[in-house]
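All remarks here apply to the structure that follows.
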Amino acid sequence: MTPTLLGRWQTRILLYIFIGLPVTFLFALYQSAWQWPPLYTQSIFYYPFLFLTLILVLGLLLDVVYIQIQRFHWDQDWPFAYQFFFSILEFFAVFYLMDYGILDYVYPLFPDGYIPFKAAACHFSFVFVPSFLALLGAIQIFMIRWRFKGGEFGRHAIR
Amino acid sequence: MPIEISWLRTGKASGAPDDKRILDGPGPFRIGRSADGEIVLDHPQISRLHAEIFVDGQTVRIADKESQNGTVLAGRKLTSPAVWEPQHEVKIGPFALRIRWTERPPAGRNARDVDATAIAANAGRERPDTPPITPAASPVSPSPAGRAAASGGGRGSFPGQLFDQRIVPMRELQASGKLAAEVNFVAVGGGIGSFCWADHLRIYGVPANDIRVIGVADDKRPYAKWGRLCRNSQIPDTERIRSNSISAPDNIWGFPGYASREMVRDLLQGRLAGLKHVLQVFGEPALTESYTPRTIDVYRSFDVEAKRIGWDDMWIYGQVVGLRKTDDERYVIAYRIPSSHAPDTTPDQRERFIVARYAQLATGYPASNFLPDLQVFRQSHPNSTAVVNAYEPHDEIYRVLEQKGGTILIRGRGIVASRVIQRVWEARDKNKDIRLLHLVRSQIGAGHKYDLSRRALRNDVEQQPFNWPKSCWGGTLRDRLERASPEERPKLLASWGGTTTADRDDWNKIIEEGTKDGWYKIFYGKVASIADKGGKMVTRLESSDRHHENVDLAADFIVDCTGLVARVDETPLLADLIKTYDLPRNKAAGDGAELRLAGLAVNTAFEVTGLQNGRGHVWAAGVVTANGPYAAVDSFLGLQYAALRSADHLSLLGAQHVSRFGPLRSSTQWVKWCLGRAP
């Protein structure tokens, strides 16, 4: 991949909306034992949404760092392997920040600071795997200009 | 230009021809036992009318006339008319025939004013996956006759005075009686650039009967000429080309790419190694060597897509001699059909006009490059086969090396040089008595630097996976160049481009092994002269800091691997357009030899804005737009990008049948592609 900063941001938000949110909804519903409306709204149903959103926010910030790293590559590219590795890194970063209670100061929703790792990892995998496959080619099926715009949407401007 | 045909009985001890004839005109010239023919070969193995020769501009074709014993061109038995290159021999019965131009066209005179530095820079632009599509028939040099024709006057008067006008009245065109068709879209070139444009238009919604593609290639296949240059430059069908998985000209989405298709094919055949291709894409270029597709797979994918979009129905075999604006906001394109493709017609009947609202110019490289000193040698030794350009057919050299051994001198250090070195290494399997002298102009201290990075250097060649940094196709560098001013662009391009080769492990090993074993040796220096001394080609180097006394390099063969000519004004059609409509050119990095890279000025949608004619528009693609807003114009993906930008522009202009191509149409069309259904 050869993303631009704007392309990174737009693609990240696109994947969050079209893959992250629907998958998380199903996952949260499953955790609430497929009850609607969910029984334990705060801790069980909303929790995965928050977790995912925190990863999104951290990712948007890290994208600024990633784009700087690209400048050290002659090709100014971002290999799929890097994408894979750093996505998982982002997951662990958010997981441990929450687990150690650091995010409690930021967002007092998790007073106990405890997160079940297994559930978080499952949730993340369900979102990550289809998102990664989308990057590998599925997005291009719908948006042929995406690959020529470093991941940005829309048509090219004529100059 | 007249051609001379000479022949001799094979198996004769002396090499002197038995006889020769000079033939002038388009033909057809008959070869056979019959005394009526132009060339009479009296032997029981020869049929009465055995074969026919046609001459069109710089192209000589030969057709077998259903003879008893067949006609063999370059070792292959003819089943249909084929182009007869001067390097090839035709075998008819016991006779071997050769042709040559009696007034040899100055081989690539365009390069004479180019110094060696510039040539070296040019070599980086040349790659096996460059799409050389040219209406000029000869790969070596543009034809003076064709040039005259393009200016409106040569070879008869077609298109004559009509094209002396900047704007041609439709009334006069209709009165000419030569108006063959009126459509919305015409592609000029007929190669891969035209193919990508037609492919996009078809998928965006344009019916095939509203598109025409005019080209002079060896045949209808869009990759005909590119494939020929690949084979000449020693890339056999099974070799991999320097191109990426998603650079798939048969698939406008770039998905699935060549890597996943190859993996699926391998796995279906029970080869687990197929997984390797996708792992390469996963790790490239940082962790693994970049994936590159096999030539044969690229050819096949073209064939499938060409059939799907109705390519053959859009194709017209013709030499485009001019393009003019019309008085009804359209364009008229004048072309001439070679006699070989329209038998039983008069020359007058083969001159046609076609009128279109929109046109695309993708005429490709006009010629192959020849280093100035080698040109001088070739002009004084027109019959020598020991000095060749890597893009000319020269298989014979390797065959002789394999049989007899010898020394080969390679000029240039780009991708073609790498492949030719590999070919010599392969020849050494059959004969260990082969030595390779590699001559380059100077030593490179360190790779180019741009931003925070430096290009890798190994074995004295700069290495990168493709001919431009990857993000030139669609990433940060594409964006950077598009936003840059025309003056800034050549500077950026100079720092990203230049002579490079692919970072292939096998190529690096060959050089390292060869250096260790002593059969490979690299030399640096400028050439003072080349001379034929008793069959040895002796290259004398100018004295320099490195060696004060003259150094002589003796070799049996010299292969020039410095590339193809990119000058737009070497293509008669474009030279005429530039002159007639005062078309601006892109800026060059200097006002000397660098000018050769100054292509037609286009905007970021690849429109040749100077040719706009009211509602009519013309786009360009490929190397003819060099030094413009996009770097990688002469690559598969670059041609697709140009086509995409043009198709989006057409949609914006409200062109008939051209959709906006949003997500819904894109995905349904993709499903059709997967199912192999017409768009």
Side-chain angles (χ1 to χ4, degrees), chain A residues 1-11 14 17-18 63-88 128-129 132-159, chain B residues 200 203 246 252-257 260 278 281-288 447-448 450-456 464-466 468-480 482-483 496 603-605 607 629 637 640-641 644-645 648-649 651-652 660-664 666-667 670-671:
Chain A
M1 295 189 296
T2 53
T4 60
L5 181 58
L6 199 59
R8 283 178 171 278
W9 283 343
Q10 291 186 355
T11 302
L14 175 94
I17 293 171
F18 283 96
D63 278 342
V64 180
V65 178
Y66 298 156
I67 206 83
Q68 298 306 315
I69 298 177
Q70 274 176 235
R71 294 171 60 198
F72 289 96
H73 294 181
W74 174 256
D75 286 301
Q76 301 222 341
D77 66 328
W78 195 248
F80 282 115
Y82 284 32
Q83 179 66 27
F84 191 85
F85 171 78
F86 281 100
S87 298
I88 292 168
F128 169 68
V129 171
F132 192 72
L133 292 177
L135 287 178
L136 280 173
I139 292 178
Q140 288 153 232
I141 297 171
F142 299 93
M143 307 197 294
I144 53 166
R145 300 155 194 101
W146 178 82
R147 61 175 174 152
F148 291 114
K149 293 198 76 181
E152 295 167 32
F153 305 161
R155 288 167 174 73
H156 296 80
I158 299 177
R159 291 194 189 88
Chain B
H200 275 76
I203 296 170
I246 59 163
I252 68 166
W253 301 268
F255 178 78
S260 34
V278 164
V281 171
F282 182 73
E284 74 186 19
L287 310 176
T288 51
H448 270 63
Y450 177 77
D451 203 9
L452 302 178
S453 161
R454 193 181 279 286
R455 188 154 60 195
Q464 64 190 10
F466 308 107
W468 297 95
K470 255 178 129 170
S471 57
C472 286
W473 275 269
T476 45
L477 298 184
R478 178 201 67 85
D479 194 50
R480 175 83 183 81
E482 235 179 66
R483 290 173 194 278
W496 303 337
N603 66 14
T604 58
E607 188 194 354
L637 199 55
Q640 279 191 307
Y641 178 71
L644 171 76
R645 295 298 308 259
D648 277 348
H649 190 192
S651 152
L652 200 68
R660 281 179 52 75
F661 213 70
L664 188 65
S666 181
S667 49
W670 182 78
V671 172

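We name chains A, B, ... by the order of the sequence lines, and we start the count at 1 in each one.
- Comparing B:C472, B:G254, B:S260 by heavy-atom pairs within less than 4.5 Å of chain A, the highest count is held by B:G254.
- Among the candidates A:F84, A:W146, A:W78, the residue making the largest number of heavy-atom pairs closer than 4.5 Å to chain B is A:F84.
- Distance check: A:I144 CD1 to B:I252 CD1 gives 4.0 Å after rounding to the nearest 0.5 Å.
- B:W473 has its side chain out of reach of A:T2: every pair of non-hydrogen atoms, C-beta onward, lies at least 4.5 Å apart.
- For the options A:G150, A:P79, A:G7, A:P3, heavy-atom pairs under 4.5 Å to chain B are most numerous at A:P79.
- The contact between B:W670 and chain A is made entirely by side chain atoms (from C-beta outward), counting heavy-atom distances below 4.5 Å.
- Heavy atoms closer than 4.5 Å to chain A are found nowhere in B:L664, neither backbone nor side chain.
- In terms of heavy-atom pairs under 4.5 Å with chain A, the best-connected choice from B:L652, B:D479, B:L637 is B:L637.
- The contact between A:L136 and chain B is made entirely by backbone atoms, counting heavy-atom distances below 4.5 Å.
- Among the candidates B:Y450, B:W496, B:F661, the residue making the largest number of heavy-atom pairs closer than 4.5 Å to chain A is B:F661.
- Residue contact with chain A, scored on non-hydrogen atoms closer than 4.5 Å, involves the backbone and the side chain of B:V281 alike.
- Residue B:E482 touches chain A through both its backbone and its side chain, counting heavy-atom pairs closer than 4.5 Å.
- Going from atom CG of A:D77 over to atom CG of B:L477 covers 10.0 Å, rounded to the nearest 0.5 Å.
- By the 4.5 Å heavy-atom criterion applied to side chains, B:T604 and A:H156 are not counted as neighbours.
- For B:Q464, the part sitting under 4.5 Å from any heavy atom of chain A is the side chain, from C-beta outward, and nothing else.
- Here the closest heavy-atom approach between residue A:Q140 and residue B:F255 is recorded as NE2-CB, 3.9 Å.
- Atom-to-atom distance recorded for B:R645:CZ and A:R155:CZ is 11.5 Å, nearest 0.5 angstrom.
- Proximity of a side-chain donor or acceptor of A:R145 to a complementary backbone N or O of B:D648 within less than 3.5 Å is not detected.
- Side-chain atoms of B:R478 come within 3.5 Å of backbone N or O of A:F148 as a donor-acceptor pair.
- A donor-acceptor distance shorter than 3.5 angstrom exists from the side chain of B:S453 to the backbone of A:W74, with no hydrogens or angles considered.
- For chain A, no part of B:P629 is nearby; none of its heavy atoms comes within less than 4.5 Å.
- Only the backbone of B:R454 comes within less than 4.5 Å of a heavy atom of chain A; no side-chain atom from C-beta onward does.
- Panel note: side chain A:T4, backbone B:T476; no donor-acceptor pair is recorded below 3.5 Å.
- In this structure, chain B has a heavy atom under 4.5 Å from the side chain of A:F132, while its backbone stays farther away.
- Considering every non-hydrogen atom in both B:A286 and A:Y82, the closest pair reads CB-OH, 3.6 Å.
- The distance from atom CG of A:D75 to atom OG of B:S471, rounded to the nearest 0.5 Å, is 7.0 Å.
- Residues B:Q640 and A:R147 form a side-chain contact, since some pair of their non-hydrogen atoms from C-beta on lies under 4.5 Å apart.
- Most heavy-atom pairs under 4.5 Å with chain A: of the set B:I246, B:D451, B:L287, this distinction falls to B:D451.
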